[in-house]
Amino acid sequence: MADDATVRPIPAAGVGAERPRGLTDEALLDLVQRQTFRYFWDYAHPVSGLARDRSNVINRYGPEAMAIGGSGFGVIAIVIATERGWISRDEALAQLLKITRFLYDADSFHGVLPHFMHGATGKTIPFMRKDDGADVVEMAFLIGGLLCARQYFAGNDPREVELRHWVNMLWQQTEWDWFTQGGRPVMYWHWSPNHGWAINHEVRGWNECLLTYVLAAASPRYPISPDAYHRGWAIGRVFHNQRDYYDITLPLGPDFGGPLFWTHYCFMMLDPRGLKDRYADYWEQNLAHTLINREHCIRNPYGHAGYGAQCWGLTASDNEQGYASHQPVRDLGVIAPTAAISAIPYVPDHAMQALRHFYDERGDALWRAFGFADAFHPGTGWVADSFLAIDQGPIIAMIENYRTGLVWQLFMSCPEVLDGLRRLEFDTPHYAPSIA
């Protein structure tokens, strides 16, 4: 892996892209998906094919920081682009083979990759001082995307066979059980070759990490015990809720639900329709969380300019000071287009209303080379000079799930995933019917 990569220049984030008017809803969804896909295709790293964490450079990480979770989202975007004919099957396979071959040779720790890695060398870029090793949550997002690609590219072409080989190697060699510190009834987020378990961050719910437990329970070689799910994840300090916010009952999670990406990241892949366990109906959970977030922006208790039924959506994104997990209890007046747009499976009319507002009424400021700018502050006029992989990816995937259910169908067709859900005692309509 020669260190010969260069950062591809992109149009300045402040420069708007061509913006056709008078589009039907379907044509607008096509445009938004395809334009957003360019982040993962035109701006992919030329050596590894991985997704850059962001389009602007943060000095702490430098221009070569590739996002492992964001790259999983990028793999999903490539699958969607292939299905929709934006790229050829040959082009997709070439890129996915580049990605998987690179990842297999990159730094890993008990089979788990780091949060960030150098796009040309595969070496770890520390996320924090002691976070210089494995990140099992980001690995789950990557594996989820790769399993979707494995299911989609299921033909006998030698390249498809090879792709499935690399995906299976990465999947099967991930030591999920290592992240229970020897069998404790909970998973731990990080492990470092230099600092061991020093961070000691338990993965407890409710947040964006459900997929981590499902894949860990589904692992063909290194599964966790279901006890870790029931005694670790499901007894988190802010797991159960059942209180009302704006007259909407929230089954799980902290007050007012948290940032909206919790309804997107895992559920780009896990189909929430009819997904239930002893704790919640996950469609009802995500719908309630979304409606509370929108209703907060409509009632606007802090009086932020520009909020309303058309302009809503609080989630983790950039802001004027840096990056924050925006949510009703941490409402800084910053709207992220990904929050409302990626909610389209749950609230299609409300999401389409917001999308129309962002594109038709605010598009001069927001519409850019890779879709919508990451975030904006309608009260001050600030617009982010950035795109983020973890915000761009859900836009493509969740629109596709709304339109065709493609990503849900692919992920839920994985027999290992269904085995993991069974082990954790989930119900889903994707289980094959019993034969009497």
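Being a predicted model, the structure only gives us computed values, none of them experimental. No hydrogens, no waters, no symmetry mates; every other heavy atom, side chains included, goes into these values. Residues: numbered from 1 along the sequence shown.
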> Run the ring-centre check on Trp189 versus His201 and record whether the distance is less than 6.0 Å.
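For Trp189 and His201, the ring centres are under 6.0 Å apart.
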
> Output all residues satisfying side-chain hydrogen bond (donor to acceptor under 3.5 Å, both in side chains) with Glu160, sequence neighbours left out; order by chain, then residue number.
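Checked Glu160 against side-chain hydrogen bond (donor to acceptor under 3.5 Å, both in side chains); matches are Arg89.
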
> Using the side-chain contact (heavy atoms from CB on, under 4.5 Å) criterion, which residues pair with Glu284? Sequence neighbours excluded.
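Glu284: side-chain contact (heavy atoms from CB on, under 4.5 Å) contacts with Asp281.
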
> Could you tell me if the side chain of Gln151 sits less than 4.5 Å from the side chain of Gln409, heavy atoms only?
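The answer is no; the side chains never approach within 4.5 Å.
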
> Hey, does the side chain of Asn207 reach the backbone of Arg204 with a donor-acceptor pair shorter than 3.5 angstrom?
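Yes, because the side chain of Asn207 sits within donor-acceptor range (under 3.5 Å) of the backbone of Arg204.
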
> Does Arg52 count as lying over the ring of Tyr43, i.e. NZ or CZ under 6.0 Å from the six-ring centre, within 45 degrees of the axis?
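Yes, Arg52 lies over the aromatic ring of Tyr43.
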
> Between Phe358 and Trp367 (judged by ring centroids, cut-off 6.0 Å), do the two rings come close enough to count as a pair?
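For Phe358 and Trp367, the ring centres are not under 6.0 Å apart.
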
> According to side-chain hydrogen bond (donor to acceptor under 3.5 Å, both in side chains), who are the partners of His296, at least two apart in sequence or on a separate chain?
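Counting only residues at least two positions away or on another chain, His296 forms a side-chain hydrogen bond (donor to acceptor under 3.5 Å, both in side chains) with Tyr246, Asp331.
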
> Could you tell me whether a side-chain N or O of His118 sits under 3.5 Å from a main-chain N or O of Lys123, the two making a donor and an acceptor?
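The answer is no, because no donor-acceptor pair under 3.5 Å joins these two groups.
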
> Please test Tyr346 against Trp283 for ring-ring contact (aromatic ring centres under 6.0 Å, His included), starting from the C-alpha separation and ending with a verdict.
CA-CA 8 Å; Tyr346 309 121; Trp283 180 268; 5.2 Å; yes

> With sequence neighbours left out, write down each residue that passes ring-ring contact (aromatic ring centres under 6.0 Å, His included) with Tyr282, or none if nothing qualifies.
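Result, ring-ring contact (aromatic ring centres under 6.0 Å, His included) vs Tyr282: Trp206, Phe426.
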
> Are His377 and Asn319 side-chain neighbours, meaning at least one heavy-atom pair lies under 4.5 Å?
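Not in contact.
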
> Does Gln310 have any side-chain hydrogen bond (donor to acceptor under 3.5 Å, both in side chains) partners at least two apart in sequence or in another chain, and if so, which?
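Gln310: no side-chain hydrogen bond (donor to acceptor under 3.5 Å, both in side chains) contacts found.
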
> List, one per line, each side-chain donor-acceptor pair under 3.5 Å for residues 332-341, sequence neighbours excluded.
from, atom 1, to, atom 2, distance (Å)
Thr338, OG1, Ser342, OG, 3.2
Thr338, OG1, Asp391, O, 2.8

> Aromatic contact between Phe40 and Phe370, with the criterion being ring centroids under 6.0 Å apart: yes or no?
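That pair fails the under 6.0 Å test.
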
> Are any of the side-chain nitrogens in Asp318 or Arg54 under 4.0 Å away from the carboxylate oxygens of its partner?
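A salt bridge links Asp318 with Arg54.
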
> Salt bridge (Lys or Arg N to Asp or Glu O under 4.0 Å) between Arg150 and Glu416: does it pass, once the steps are laid out?
CA-CA 12 Å; Arg150 184 194 73 178; Glu416 308 99 312; 2.7 Å; yes

> Among pairs that include at least one residue of residues 209-220, which meet side chain to side chain donor-acceptor pair (under 3.5 Å), considering only residues two or more places apart or in two chains?
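Listed once each, the pairs would be none.
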
> Hey, what do you get for CD1 (Ile395) to CD (Gln33), rounding to the nearest 0.5 Å?
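Here the rounded value is 10.0 Å.
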
> Using ring-ring contact (aromatic ring centres under 6.0 Å, His included) as the criterion, list what pairs up with His289, not counting sequence neighbours.
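For His289, no residue satisfies ring-ring contact (aromatic ring centres under 6.0 Å, His included) once neighbours in sequence are set aside.
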
> Sequence neighbours left out, what passes ring-ring contact (aromatic ring centres under 6.0 Å, His included) with His230? Give chain and number order.
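In terms of ring-ring contact (aromatic ring centres under 6.0 Å, His included), with neighbours along the sequence ignored, His230 is linked to Tyr279.
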
> Does the ring center of Phe261 lie less than 6.0 Å from the ring center of His264?
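For Phe261 and His264, the ring centres are not under 6.0 Å apart.
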
> Using the test side-chain hydrogen bond (donor to acceptor under 3.5 Å, both in side chains), find all partners of Arg164 that sit at least two apart in sequence or belong to another chain.
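With neighbours one apart ignored, the set is empty.
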
> For Leu23, enumerate each residue passing the side-chain contact (heavy atoms from CB on, under 4.5 Å) test, keeping only those at least two apart in sequence or located in another chain.
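Only Pro20, Ala27, Leu28, Leu31, Tyr359 meet the side-chain contact (heavy atoms from CB on, under 4.5 Å) criterion with Leu23.
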
> Using 30° and 60° as the class limits, which term best fits the ring planes of Tyr245 and Phe256: parallel, tilted or perpendicular?
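Because their plane-to-plane angle lies in the 30° to 60° range, the rings of Tyr245 and Phe256 count as tilted.
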
> Report the residues that fulfil ring-ring contact (aromatic ring centres under 6.0 Å, His included) with His350, sequence neighbours left out, ordered by chain and then residue number.
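Applying ring-ring contact (aromatic ring centres under 6.0 Å, His included) to His350 gives none.
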
